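We name chains A, B, ... by the order of the sequence lines, and we start the count at 1 in each one. Owing to the predicted nature of the structure, the values given are computational and were not obtained by experimental measurement.
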Amino acid sequence: LERAALLERLSLPRAPIRWRTVTVSEVVEENAQAATLVLDFGDWPGHAAGQHVDIRLTADDGYQAQRSYSIASAPEDPRLAITVERIDDGEVSPYLVGEARAGDQFEVRGPIGGHFTWRVKDGGPLLLVAGGSGLVPLMAMLRHRANQGSDVDARLLLSARSLDDVLYREELSRLQDVGIHYTLTRSRPDGWTGYDRRVDAEMLAEVGPGPSDEPLVFVCGPTAFVEQVADGLVALGHPPDAIHTERFGPTGP
Amino acid sequence: MTEEALWLDGNGLAGLLVEVFGAEMTSVRRRCQSCGERHAIGSHRLYRGAGDVLRCPNCGDVALRIATLPDRYVVEVRGTWRMAVARD
């Protein structure tokens, strides 16, 4: 590696972090439970696919609630977007999905995180495994890959309750050079030929690439889902260090 | 719901770690004082309650505790953290 590249890889960027008031410029309903919010951040410093932002809501009495949301947009996209799934008894997502409108303002800080990220220069092959809205940061990676014209071997295994729960379905169908596999765990359309069970080692082996191809693996979803997938990957022989995980808690499919 | 389903990844603490340490910390590797394994902070287990606790993903021993008080953070760091921070 060149010295500059090596330094960039080895040293941690100074990252002053501050809350900014951000305006919602557009809300796109993805399905009954999820919406994409386009945020006007002003001078966005740029991000890597896989990073997140923190959002902080403040009530009239001063009470604050803070959550992290994955960035959905690619680094190349001039518009910063997050996709949020509504958790019915949540504190923040019921506002973001259903109530937030263009022109609304709230506090955001970011981009945040350096471990669960992928850049084209990191290479591949790439194995992406998503449970429900765990697709969001992985979609940022696929959008980044497409924008860069990368031909890195990329596979996506997506677990969802039903076809209607699959985010970005139309856009995914246009990613023709990505190996996309669905497993629908609750309901399936007539004539469904994809998987119909929870992700297991056998499914992961069929989707590939296997450990001998040394893929970079990214898994995102509810905690129990990520646990099951990570166990399956380790059982197949993928080294734990190659498996990047992002668990978002107990809720999900 | 199992107890295991309640924890997150160290990635989820990235914002608070920047507040406390002034740099992106989730890619830092830490050697556990208990089992000796090395793992990135982002792949540690995060338990959030009154305070935030990171635990070794292999053995579960405590790696970091942060209590956020009105005027300060109280931080306890365990194990060997090795990092390089860019100079301005």
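A cation-pi arrangement is absent between A:Arg247 and A:Phe225 under the rule of less than 6.0 angstrom and at most 45 degrees off the ring axis.
Counted by atom type alone, A:Tyr69 and A:Asp54 present zero donor-acceptor pairs between their side chains at under 3.5 Å.
For B:Arg82, no part sits under 4.5 Å from any heavy atom of chain A, backbone or side chain. Contact annotation for A:His244: neither backbone nor side-chain heavy atoms come within less than 4.5 Å of a heavy atom of chain B.
Residues A:Gly110 and A:Val53 approach most closely at CA-CG1, 4.3 Å, considering heavy atoms.
The aromatic rings of A:Phe116 and A:Phe218 lie perpendicular to each other, with more than 60° between the two planes, well past the 30° mark.
Highest contact tally toward chain A, considering only B:Leu17, B:Asn11, B:Thr26, is held by B:Asn11 [criterion: heavy-atom pairs under 4.5 Å].
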